[in-house]
Amino acid sequence: MNANDDYRHDDHDEDDYRYDEDGCRHDEDDRRHDDFAAADAVDETDDADEEEDVLDLGLAAFYEEMDERSCREFDEAVERDRRRAERARIEDMRAVDRMQRGARRRALPSYDGDIPLAVRDESLHYHVQLCFEHEYTDAYIRNLVMQICRTICAAVEVMRARQTGSSLAKYVRPECIRRIETMRSVLEGNPDQLPAPALRLRYAPVMPRLVHAMMVNEQTLEISIHITLGATPHCGNMRLVRHGSRWVCDMIDLG
């Protein structure tokens with residue numbers, strides 16, 4: 001080592017050196033080398049992360065081993081799947097659009113009203129909901145509700161043996177009349193053997209309170225009706241079907 005080398009070595013001042021944890025001294029060249037090594041390590045880590053983001057199922061190697069015809073058939077199959085998925089996506093979007101347009105349509109028609117009863121300050125409330133688009137007059141629905149009330153009241157009177165089953169023949173089907181007459185035969189039994197609710201059914205006045213009906217289609221009307229026998233509430237179910245211009249009851253159940 002000559003004097004010039006000694007001069008260049010001694011030309012470094014103390015700030016150009018750094019000391020590690022063991023007290024060893026390193027100059028600026030060593031520091032730059034360490035920085036470059038750290039940067040290379042970061043780049044390798046980023047490359048590894050990018051490789052991990054790709055799901056490798058071995059298809060690339062499989063694709064490379066296929067012949068030209070197989071590759072072409074494979075590409076065509078993939079393209080068909082893509083077109084099929086795109087068509088399915090478009091159909092889903094159209095279905096959602098139809099649902100949204102349907103939700104913006106106006107509500108199905110319904111009819112509400114009150115019918116005064118013969119008893120002072122008493123009235124019957126009714127609600128008739130249609131399950132399809134159609135317009136009925138309020139008078140038509142009102143007359144239909146009154147027919148329902150007359151039918152249920154007449155059925156109770158037949159159960160009490162105050163009327164005959166023939167009085168229901170115009171608006172009630174024969175099989176329903178037979179069931180009502182069967183109930184009448186039960187109520188005509190020994191009063192000492194009947195429960196209290198059955199006895200009230202024999203004597204208490206009947207009064208309709210609420211009619212809630214749903215017209216499923218132009219031929220079928222399903223009804224829930226609330227009546228009172230004296231002070232005791234009862235609920236019943238009816239179904240009317242249309243025959244020509246008349247609505248006829250083909251099911252009645254009074255609890």
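Hydrogens, waters and symmetry mates play no part in the numbers below; they use all other heavy atoms, side chains included.
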Would you call [X] and [Y] a side-chain contact if the rule is heavy atoms closer than 4.5 Å?
{"X": "V241", "Y": "Q219", "answer": "no"}
{"X": "T228", "Y": "H234", "answer": "no"}
{"X": "T164", "Y": "V158", "answer": "no"}
{"X": "L130", "Y": "Y136", "answer": "yes"}
{"X": "N237", "Y": "M251", "answer": "yes"}
{"X": "V156", "Y": "L254", "answer": "yes"}
{"X": "I252", "Y": "I152", "answer": "yes"}
{"X": "Y126", "Y": "I141", "answer": "yes"}

Treat each ILVMFWY residue as a node, draw an edge where side-chain heavy atoms are under 4.5 Å apart, and state whether [X] and [Y] are in one component.
{"X": "Y140", "Y": "V128", "result": "yes"}
{"X": "I148", "Y": "L210", "result": "no"}
{"X": "M159", "Y": "L229", "result": "yes"}
{"X": "V145", "Y": "M207", "result": "yes"}
{"X": "V216", "Y": "M238", "result": "no"}

Under-4.0 Å salt bridge between D97 and R94: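 No salt bridge links D97 with R94.
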Side chain [X], main chain [Y], donor-acceptor under 3.5 Å:
{"X": "R179", "Y": "P174", "answer": "no"}
{"X": "T182", "Y": "R178", "answer": "yes"}
{"X": "R242", "Y": "G244", "answer": "yes"}
{"X": "N143", "Y": "A139", "answer": "yes"}
{"X": "Q147", "Y": "W247", "answer": "yes"}
{"X": "H134", "Y": "E218", "answer": "no"}
{"X": "Y111", "Y": "R142", "answer": "no"}

To the nearest 0.5 angstrom, please state how far the [atom1] atom of [X] sits from the [atom2] atom of [Y].
{"X": "L124", "Y": "D114", "atom1": "CG", "atom2": "CG", "value": "7.5 Å"}
{"X": "C249", "Y": "I177", "atom1": "SG", "atom2": "CD1", "value": "9.5 Å"}
{"X": "S166", "Y": "E181", "atom1": "OG", "atom2": "CD", "value": "8.5 Å"}
{"X": "R209", "Y": "I227", "atom1": "CZ", "atom2": "CD1", "value": "10.5 Å"}
{"X": "R87", "Y": "D92", "atom1": "CZ", "atom2": "CG", "value": "13.0 Å"}
{"X": "C149", "Y": "L117", "atom1": "SG", "atom2": "CG", "value": "8.0 Å"}

More than 12 heavy atoms from other groups under 6.0 Å of CD on E175: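 Check passes, neighbour count above 12.
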M146, CE atom: more than 12 neighbouring heavy atoms under 6.0 Å: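 Counting neighbours around CE of M146, 12 or fewer heavy atoms of other residues, nucleotides or ligands fall under 6.0 Å, so no.
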Heavy-atom closest contact ([X] atom, [Y] atom, distance):
{"X": "T151", "Y": "V172", "answer": "CG2-CG2, 3.7 Å"}
{"X": "A154", "Y": "Q163", "answer": "CB-OE1, 4.1 Å"}
{"X": "M215", "Y": "N217", "answer": "CG-O, 3.1 Å"}

Intermediate values then yes/no, salt bridge (charged side-chain N to carboxylate O under 4.0 Å, His left out), D81 and R84: CA-CA 5 Å; D81 290 341; R84 189 181 299 113; 2.7 Å; yes
Partner of E86 by salt bridge (charged side-chain N to carboxylate O under 4.0 Å, His left out), out of R89, R82, R83: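 It is R89; the other options fail the test.
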Worked check of side chain to side chain contact (heavy atoms under 4.5 Å, CB included) between H127 and V211: CA-CA 6 Å; H127 172 78; V211 172; over 6 Å; no
Stepwise salt bridge (charged side-chain N to carboxylate O under 4.0 Å, His left out) test for D250 and R239: CA-CA 6 Å; D250 72 341; R239 182 176 64 231; 3.1 Å; yes
Derivation of the side chain to side chain contact (heavy atoms under 4.5 Å, CB included) call for L240 and V248: CA-CA 5 Å; L240 303 185; V248 179; over 6 Å; no
Side chain to side chain contact (heavy atoms under 4.5 Å, CB included) evaluation trace for Q129 with H212: CA-CA 8 Å; Q129 176 66 56; H212 192 286; 5.5 Å; no
